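See below for the structure under consideration.
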Amino acid sequence: MATDNLAGPPPPVDVVIMAAGKGTRMMSSLPKVLHRLAGLPLISHVLHTARSLQARNTVVITGHGADAVEAAIGGPGLQFARQMPQLGTGHAVQQAAPLLADDGVVLVLSGDVPLIHADTLRALVAACDGKRLALLTIQLNDPTGYGRVVREGDAVRAIVEHKDASDAQRTITEVYSGIMAAPARALKSWLARLDNHNAQGEFYLTDVVGMAVADGMEVVAHTIADPLQVAGINSPAQLAELERAHQLRTAQALMERGVRLQDPARLDVRGTLECGSDVEIDVNCVFEGHVHLADGVKIGANCVIAHCAIERGAVIQAFTHIDGEKVGVTVGENARVGPFARLRPGAHLGAEVHIGNFVEVKNATLAAGSKANHLAYVGDASVGERVNFGAGSITANYDGVNKHRTVIEADVQVGSNCVLVAPVTLGAGSTIGGGSTITKDTPAGTLTVARGKQVSVAGWKRPVKKPKP
Ligand code: UD1
Ligand code: MG
């Protein structure tokens with residue numbers, strides 16, 4: 001049967017990320033692309049987005065601080081090409097050329113443009129369609145510093161860098177974003193012909209536009225309206241500005257899903273924050289890594305919460321610090337934590353557990369209904385249900401060399417100011433007198449007191465001061 005569909009499958013996409021520049025204006029010893037936005041290096045945002053495109057190959061051009069950049073992001077499926085010295089964006093992509101197959105579409109991204117959306121890139125690749133040069137462009141009220149998109153009628157003729165532009169060209173408000181998609185074979189032939197005869201003495205990638213026009217290849221501009229997607233970072237001020245804009249968007253998205261934020265301008269999400277219904281978050285909270293807040297959770301002001309799952313109805317009061325780094329933290333249903341509490345990795349609180357002010361919990365499970373309300377340390381411990389852990393009491397889990405576990409069975413009452421020297425087990429229902437130092441297991445149901453006996457001396461006379469000679 002005859003077919004008129006000669007298009008075939010779309011060509012594979014190979015991504016090139018330019019990340020060799022120095023970032024002089026950051027005034028930092030850290031390479032620019034390793035500065036963080038929303039808790040992640042700038043280039044990691046770009047890599048995440050690139051990954052979601054399912055590209056065939058991803059090549060990162062490194063140069064300034066190459067060792068640090070490669071160590072920070074290296075992983076399976078990623079190739080590096082070094083650019084030494086850094087002679088411009090065209091020279092950067094030239095370094096990747098030997099790694100690029102002729103049959104693909106090359107998508108050029110910048111390591112310092114972190115918030116580009118995958119959908120935008122898909123649309124750009126579709127506009128390229130394996131046969132056109134597609135440029136991502138945007139209209140800016142203030143186009144200063146950017147490459148201008150020069151058109152004749154509707155047709156794109158060239159990109160002229162700000163420093164090379166005439167006064168008339170500088171009035172153009174459509175600018176090049178630094179992102180393009182091009183058929184690989186053609187791109188490689190243009191790269192081979194670049195020169196540095198321009199105001200900056202650099203090899204400009206943008207000169208390929210004029211070459212494409214001369215070669216009779218169609219050049220298309222895919223224009224977007226959202227400036228955040230193409231915002232590049234050159235200075236600490238721009239980084240801070242983009243961080244705020246990005247955080248505000250995150251806050252708006254949370255509110256659209258019903259999360260009640262006391263002030264959307266005072267929230268920082270450095271990772272993923274997943275919320276159920278009727279979640280309330282007070283001001284100045286920072287969320288890091290993956291955090292899950294179930295239905296009805298309330299977070300007080302000034303909390304830092306990282307790598308943690310908080311179950312339905314739990315309340316985290318002001319100034320609480322939770323960090324489940326690597327192993328996680330869980331807070332059970334209707335538990336109450338804080339103010340001024342600290343939950344460290346491996347803290348797992350059951351339903352209705354209360355953790356109060358200046359209480360630290362690490363690598364310990366507290367079963368339903370247990371309480372440590374004031375000034376305590378519970379580390380490397382398994383605590384049963386309905387235990388009351390008195391003020392000032394601690395588990396002495398570390399003998400200076402090894403860590404040991406403390407087991408506290410259900411319904412134990414630990415008085416105030418006790419030291420539980422691990423390894424030790426407190427039997428179910430036992431009671432520990434205040435001020436005890438417990439070094440041996442306590443049988444179930446008993447009272448244990450381990451401290452000096454109280455003695456009262458009748459008729460005790462205080463010493464009197466001798467008169468001075
Ligand atoms: C570039 C574009 C400009 C566009 C702007 C958008 C060129 C010549 N100009 O200008 O048209 O409006 O981006 O932000 O491309 N890099 C290297 N090696 C180098 C130089 C740069 O890897 O030798 C990397 C940088 O690390 C950065 C990216 O390329 O990630 C862009 O470089 P940058 O110097 O910021 O280019 P612009 O002058 O902003
Ligand atoms: Mg730039």
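Every value quoted in this text rests on a predicted model; they were computed, and no experiment measured them. These numbers come from the heavy atoms of this one structure, side chains and all, not from hydrogens, waters or symmetry mates.
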Got a sec, which residues hit side chain to side chain contact (heavy atoms under 4.5 Å, CB included) with T406, two or more places apart in sequence or on another chain? A381, T395, I408, L420, A422, V424
Should the pair K403-D380 be classified as a salt bridge under the 4.0 Å nitrogen-to-oxygen rule? no
Do D323 and R342 meet the salt-bridge criterion of a basic N to acidic O distance under 4.0 Å? no
Residue set satisfying side chain to side chain donor-acceptor pair (under 3.5 Å) with Q262, at least two apart, ordered chain then number -> none
Would N57 and L99 count as a side-chain contact (heavy atoms from CB on, under 4.5 Å) here? Give the steps. CA-CA 9 Å; N57 283 307; L99 300 171; over 6 Å; no
Write down the atom of P11, the atom of V105, and the distance for their closest heavy-atom approach. CG-CG2, 3.7 Å
Residues at least two apart in sequence or cross-chain that pass side chain to side chain donor-acceptor pair (under 3.5 Å) with T62, listed by chain then number, are E70
In terms of heavy-atom contacts, A165 and V160 come closest through CA-CG1, 3.5 Å
Over 12 foreign heavy atoms within 6.0 Å of CZ, R405: yes
For T137 and T223, test the side chains for any donor-to-acceptor distance below 3.5 angstrom and give the result as yes or no. yes
Does the pair N357 and Q317 meet the rule for a side-chain contact (heavy atoms from CB on, under 4.5 Å), with working shown? CA-CA 9 Å; N357 42 228; Q317 293 178 314; over 6 Å; no
I322 and C308 have their tightest heavy-atom pair at CG2-SG, 3.8 Å
First locate atom CG of D215, then atom CZ of R193, and finally report the distance between them rounded to the nearest 0.5 Å. 5.0 Å
Salt bridge flag under 4.0 Å for residues D67 and R82: yes
Given side-chain contact (heavy atoms from CB on, under 4.5 Å), test E202 with L87 step by step and report yes or no. CA-CA 5 Å; E202 287 184 6; L87 304 178; over 6 Å; no
Hey, could you give me each pair passing ring pair (Phe, Tyr, Trp, His ring centres under 6.0 Å) that has a residue in residues 14-68? Not counting sequence neighbours. none
Set of residues satisfying side chain to side chain donor-acceptor pair (under 3.5 Å) with respect to D282, sequence neighbours excluded: none
Return each pair, listed once, that meets ring pair (Phe, Tyr, Trp, His ring centres under 6.0 Å) where at least one residue sits in residues 333-352; pairs must be two or more places apart or across chains. F319-F340, F340-F358
How far does NZ of K298 sit from CD1 of I281, to the nearest 0.5 angstrom? 12.0 Å
Between L194 and G90, the two heavy atoms sitting closest are CD1-CA, 3.6 Å
Return yes when atom CD of Q139 has more than 12 non-hydrogen atoms of other residues, nucleotides or ligands closer than 6.0 Å, and no otherwise. yes
Please report the shortest heavy-atom distance between G384 and S370, naming the atom on each side. O-OG, 2.6 Å
Nearest heavy-atom neighbours spanning L366 and V353: O-CG2, 3.6 Å
Name the residue from L42, I73, L40 that meets the side chain to side chain contact (heavy atoms under 4.5 Å, CB included) definition with L47. I73
So does E360 pair up with R344, basic N to acidic O under 4.0 Å? yes
